[in-house]
Amino acid sequence: MAPQKRKTAGAGRNNDTEQINKRGKLDLSRPHPSAQQSENFGIVLREFYPPEISNERCLAYNDGTLERPIETLQRAYKETADQTRAIEANAAVVHWFKSDLRLHDNRALHLAYQSAKENNIPLIGLYILSPQDLTAHLSSPARVDLTLRTLNQLKRDLSELDIPLYMETQESRKNIPQRIVDLCQQWGASHLYANLEYEVDELRREAKLIRLCASNGIKFETAHDTCVVAPGRLTSQQGKQYAVYSPWYRAWLGYLNENRDCLEPSEELGSNPGDARRSFNDLFTSEVPAAPENKQLSDEEQRHLSQLYPAGEHEALRRLEVFLEEKAKDYADARNTVYGQTTSILSPYFASGILSARTAVEQARKANKGSLQRGEPGLVQWIGEVAWRDFYKHVLVHWPFICMNKCFKPEFTNLEWEYDENKFNMWCEGKTGFPIVDAAMRQLKQDKWMHNRTRMVVSSFLSKDLLIDWRRGERYFMENLIDGDFASNHGGWGFGSSTGVDPQPYFRIFNPLRQSERFDPDGEYIRKWVPELRDIRGPEIHEPHVRGAEAIAQKSGYPRPMVDHATSRDRALKQYKRASENGP
DNA sequence: TAAATCTTTCG
DNA sequence: GAAAGATTT
């Protein structure tokens with residue numbers, strides 16, 4: 001056996017250099033060494049995922065000779081095709097709502113409706129809340145609350161079309177496929193529809209459901225819906241998945257210009273094709289489930305959040321319209337200004353599927369006189385931001401191992417992150433002594449949302465200035481954000497910490513002070529979120545302790561900077577450089 | 001979608 | 001010696 005070059009010594013380190021081939025690409029034919037790093041990331045790994053997800057199961061997704069979850073699903077369809085070909089519709093058609101909580105422009109719902117119409121049978125909506133799922137996926141109480149509030153509206157809107165929405169709680173996620181089959185059989189439904197979610201657990205669950213349905217005489221059809229361009233559609237000339245946004249974006253634009261039907265919204269639903277009031281009357285009284293105990297908001301939070309983010313797709317469509325009419329023209333210039341409503345704040349609605357990304361892009365295109373890439377700079381830029389959402393979902397489908405606590409760039413797996421609870425808590429609580437960072441973290445804590453610019457600032461601060469494992473920040477965001485979406489959140493953290501696909505280069509380290517001066521020039525954002533500094537009027541607010549506002553800061557108890565940025569910057573450069581030279 | 005530092009240019 | 005430009009991290 002060829003001798004292996006000795007890398008950084010250290011307990012639990014795997015020094016296998018063959019993992020990375022000469023082009024620096026991940027060798028997918030063998031387990032990734034980071035999978036054996038559970039000692040290093042022990043606290044993270046155990047906290048992130050339930051213990052039944054072992055390292056071995058992580059490896060499967062990482063192994064190119066095995067299959068991706070999307071391929072597991074495709075295989076399930078292939079192998080059950082004979083069983084389902086002959087299935088005929090009988091008493092009802094079911095649409096299973098997941099994170100597609102809308103009637104408008106919903107691909108699978110529309111297919112379900114068409115199927116019901118062709119067979120003159122009732123359409124039934126189904127929603128299952130799984131507390132175990134919510135816990136495993138770190139769904140924030142705010143997002144759960146928005147979901148439940150939206151279900152109330154969805155139920156009303158469906159009811160007006162005489163379509164019932166049956167909702168229930170299933171404690172264990174494992175039981176969901178069987179429960180769905182049971183319900184279908186109870187209702188005499190032989191056709192089930194749902195939109196795909198692309199996370200590993202979800203795709204594997206759906207693959208199981210396809211087989212379970214097939215063996216029980218039910219045809220389960222899934223649709224690509226959440227992305228404007230379905231994952232897998234865009235590959236480079238060499239047939240590879242893009243790992244850089246810009247070329248991917250050009251391909252995305254090209255594809256949409258060639259395939260205009262991708263942007264066509266699904267037809268509006270009419271009233272229930274079958275008489276559900278007669279056959280399924282009791283389903284109309286189904287109540288929205290309660291939030292699980294660990295996902296509850298206080299009354300005050302609930303009031304606050306339902307004011308900030310009113311539920312339902314009518315609100316989402318209204319916001320879209322207002323944004324496109326009033327804000328979009330300034331968006332290109334104003335979007336980085338962190339104070340005031342310069343952005344659309346549609347992310348909570350995208351994340352839970354209350355608004356269709358397709359509708360959003362199509363409406364923006366129309367507002368831009370039919371062009372996706374030329375014309376009004378604000379509209380073009382905004383379409384590009386919605387495209388980032390597609391990009392990160394495509395990345396997730398192609399490299400599903402990112403679902404398993406892996407960063408995209410393996411060389412940064414072994415970076416010597418800090419795990420200092422105290423420092424981490426100072427970041428969480430917005431007590432770092434860097435006004436722009438603290439303002440952002442407090443905005444997150446109270447509004448459960450943060451401006452995109454400050455997401456980059458605080459993620460850079462955590463991973464570069466504090467050198468704390470970016471996964472802790474990723475997790476904290478998921479636990480708090482009302483718009484928490486795995487792919488976008490992971491993508492954003494990978495970008496900010498320079499460990500992801502198309503990241504900013506590791507030596508591109510934000511200077512919190514410079515960011516503050518550029519994007520909150522008048523200090524209004526800081527003044528809004530950091531009351532200790534409210535009385536500081538001038539530019540010293542960005543750096544109170546060294547700009548002559550020390551007295552105010554001290555009196556109000558605003559903390560001194562917890563680190564020296566220049567020193568931290570040097571340390572981060574050194575560590576990142578070392579990790580990138582040493583490899584995984 | 002960076003910032004720091006080094007180098008050149010101009011008055 | 002400021003400001004613009006190029007290079008480095």
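Heavy atoms only: backbone and side chains are in, while hydrogens, waters and symmetry mates are out. All figures in this text were calculated on a predicted structure; none of them were measured in a lab. So that the names make sense, note that chain A is the first sequence line, chain B the second, and so on, each numbered from 1.
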Atom pair distance, as rounded to whole Å: [atom1] in [X] and [atom2] in [N]:
| X | N | atom1 | atom2 | value |
| --- | --- | --- | --- | --- |
| A:Ile509 | C:dT8 | CD1 | P | 18 Å |
| A:Asp465 | B:dA2 | CG | C1' | 13 Å |
| A:Arg508 | B:dT1 | CZ | C1' | 7 Å |
| A:Leu573 | B:dT5 | CG | P | 11 Å |
| A:Asn452 | B:dT1 | CG | P | 13 Å |
| A:Asp570 | C:dT8 | CG | P | 18 Å |
| A:Tyr245 | B:dT1 | OH | P | 12 Å |
| A:His565 | B:dA2 | NE2 | C1' | 9 Å |

Between B:dA3 and A:Gln515, is there an OP1 or OP2 to side-chain N/O distance shorter than 4.0 Å?
->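 Yes, A:Gln515 has a side-chain N/O under 4.0 Å of OP1/OP2 on B:dA3.
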Does A:Asn511 place a side-chain N or O at less than 4.0 Å from the phosphate oxygens OP1/OP2 of B:dA4?
->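 The answer is yes; a side-chain N or O of A:Asn511 sits under 4.0 Å from OP1 or OP2.
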Is A:Arg518 touching bases, backbone alone, or none of the nucleic acid, heavy atoms closer than 4.0 Å?
->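 A:Arg518: backbone/sugar contact only, no base atoms under 4.0 Å.
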Are A:Lys393 and A:Glu202 within salt-bridge range, i.e. N to O under 4.0 Å?
->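 Between A:Glu202 and A:Lys393 there is no salt bridge, as every charged N stays at least 4.0 Å from the carboxylate O atoms.
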Do A:Glu550 and A:Arg560 meet the salt-bridge criterion of a basic N to acidic O distance under 4.0 Å?
->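 Yes.
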Verify, without hydrogens or angle tests, whether A:Tyr309 (side chain) and A:Asp447 (backbone) share a donor-acceptor contact under 3.5 angstrom.
->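 Checking the backbone N and O of A:Asp447 against the side chain of A:Tyr309, a donor-acceptor pair under 3.5 Å is found.
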Only one of A:Trp470, A:Trp399, A:Phe495 clears ring pair (Phe, Tyr, Trp, His ring centres under 6.0 Å) with A:His490; which?
->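 Result: among A:Trp470, A:Trp399, A:Phe495, A:Trp470 is the only option passing the ring pair (Phe, Tyr, Trp, His ring centres under 6.0 Å) with A:His490.
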